[in-house]
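Report on the structure given below.
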Amino acid sequence: MNSPRDTFVLRNGYEIPCIGFGTWQSPNDEKTIDAINVAIDAGYRHIDTAAAYDNEEAVGKAIKGLEIPRSEVFVTSKLWNSERGYDTALKAFDQSLKKLGLDYLDLYLIHWPAARGPEDEWQKTNSETWRAFEKLYKDGYVKAIGVSNFKPHHLEALMSESEIDPMVNQIEMHPGFPETETRDFCDLSGILVEAWSPLGSGRVLDDDRLLEIAANYGVTVAQLCIRWILQNGALPLPKSLTPERIRENADVFGFEISKEDMHKINELEQFGMSGLDPDEVTF
Ligand code: A2P
């Protein structure tokens, strides 16, 4: 890969640009619109939002205002937890589409698995929600469907009932939190892993070991993190509202992390995590 426009190919053949522009905690106003414009100028062609980020209107406005056609920008949104279930998921999807002002999405994700309470109940909830996703996919409203924050046991249960398997699983992943078990499961199942909080939401950026490795390549720790995710075969979703950082985070194709340094980073002890365990979260 040589640019953020280069793609991974999903199991159904649909192409997804290899770095996504994250918008978690980006406001529903001009700041996000401006940031998306900077991102597009810097070469990003993939924008990641969610109903819960409460910025779908701003993301939609930004996309409408671009000089490049809609078909050249990959847009993801996510179903919030309060909208699980077949009918509610279909309605929530309509809402997201309306807020974005679009007539299709490239990717729609279940934001978090139902995972608490009796096993058969949460499994049924996820399967019902997934049935709505399969319908949206078959009806052509969304080009690819997937999940987020699913661990192997959530995926196994979903896939034992599904007609169409998830194409993507978006999870927390950064140096200090490599999520190897979930990634191995996804790799074996043909599910592309996307990484949220690729910079640990900023928490890993002042780590001395990462600073030392980054300095050897003449890059920043943010660039090292993003490149490390790509070299692990996953798709990073860095978020920034700062023009220089937006450009910096897309500029990760002029160096290659050695096998030895990849191993060093893969093996770091856990740090910099959000602390949100999909089996434990109460939202
Ligand atoms: P800001 O949006 O003010 O530029 P993550 O993508 O892991 O969630 O991290 C996002 C956080 O990291 C935001 O607070 C963002 O700040 C900051 N950030 C993004 N890119 C960089 C960078 N290249 N250098 C330093 N901080 C960054």
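Not measured: the values here are computed from a predicted model. Read the numbers this way: they start at 1 and go in the same order the structure lists the ligands and their atoms.
- Atom 15 (C) of ligand 1 has as its closest protein heavy atom Lys239 O, 3.6 Å.
- Annotation: Thr242 places an N or O atom under 3.5 Å from an N or O atom of ligand 1; distance criterion only.
- Heavy atoms of Thr220 found under 4.0 angstrom from ligand 1: none, in either backbone or side chain.
- Ring planes of Phe74 and Tyr14: tilted class, angle from 30 to 60°.
- Close approach to Ser201 involves these atoms of ligand 1, each under 4.0 Å from a residue heavy atom: 5 (P), 7 (O), 8 (O), 9 (O), 11 (C).
- Of all the listed residues (Asn249, Ile226, Asp251), Asn249 holds the heavy atom that lies closest to atom 23 (N) of ligand 1.
- Looking only at heavy atoms of the protein, atom 16 (O) of ligand 1 is closest to Arg245 NH1, 3.1 Å.
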Practice prompt. Decide side chain to side chain contact (heavy atoms under 4.5 Å, CB included) for Ser189 and Leu155; before the verdict, give the C-alpha distance in whole Å, the side-chain angles of both, and the deciding distance to 0.1 Å.
Written response: CA-CA 10 Å; Ser189 311; Leu155 280 166; over 6 Å; no

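- Here's the thing with Ala222: none of its N/O atoms is less than 3.5 angstrom from an N/O atom of ligand 1.
- Crowding of Lys138 atom NZ: a count of heavy atoms from other residues, nucleotides or ligands under 6.0 Å exceeding 12.
- A parallel orientation is assigned to the rings of Phe133 and Trp130, their planes being inclined by less than 30° (bins at 30° and 60°).
- Annotation: Pro238 places no N or O atom under 3.5 Å from an N or O atom of ligand 1; distance criterion only.
- Side-chain atoms of Asn149 come within 3.5 Å of backbone N or O of His111 as a donor-acceptor pair.
- Checking atom 4 (O) of ligand 1 against the protein gives a heavy-atom contact under 4.0 Å.
- Cation-pi contact between Lys143 and Tyr104: present, with separation from the ring centre below 6.0 Å and deviation from the ring axis of at most 45°.
- Although no hydrogens or angles enter the test, the distance criterion places a donor-acceptor pair under 3.5 Å between the side chain of Thr88 and the main chain of Glu83.
- Close approach of ligand 1 to Glu248 (heavy-atom distance below 4.0 Å) involves ligand atoms 22 (C), 23 (N).
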